[in-house]
Amino acid sequence: MIELKEGAIKNVGAPNKAATAKLYDVTEAEARTFGDERVKLAFEDEDGNAVQVALFPDEAQRVADEMVDAAEELPDDHH
């Protein structure tokens, strides 16, 4: 469990946590460097909900390759 108090998150349970975040209808997407070693992917929808993920370069490249492959599988009117 976690507790939200005045915008701060406090761990009130066991130290092992898991979470799932899903964001649909993304209106803004961006990739940029993060620190000295990673690439940050940032996504936001029209309501201001956001998800950010920091990946090491090899992971970022794998995701980029998978995105190209997936986009090629879409019908032509989605390119």
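Given the structure is predicted, the values throughout are model-derived calculations rather than measurements.
Closest approach of Ala42 and Gln52 over heavy atoms only: CB-CG, 4.0 Å.
Side-chain atoms of Thr33 and Val39, non-hydrogen and from C-beta on, never get closer than 4.5 Å to each other. Considering only heavy atoms from C-beta on, Asp65 stays 4.5 Å or farther from Arg62 through its side chain.
Between the CZ atom of Phe43 and the OH atom of Tyr24 there is a distance of 13.5 Å, given to the nearest 0.5 Å.
Residue Leu41 is grouped with residue Val26 when hydrophobic side chains (ILVMFWY) are merged at heavy-atom distances under 4.5 angstrom, including chains of intermediate members. One hydrophobic cluster holds both Leu23 and Val53 under the rule that ILVMFWY side chains link at heavy-atom gaps under 4.5 Å.
In this structure, Glu37 places its CD atom where only 12 or fewer heavy-atom neighbours from other residues, nucleotides or ligands lie under 6.0 Å away. Within 6.0 Å of CD on Glu46 lie no more than 12 heavy atoms contributed by other residues, nucleotides or ligands.
Distance alone, capped at 3.5 Å, is enough to place a donor-acceptor pair between the Asp45 side chain and the Asp47 backbone. Side chain of Gln61 to backbone of Asp58: no donor-acceptor contact under 3.5 angstrom is found.
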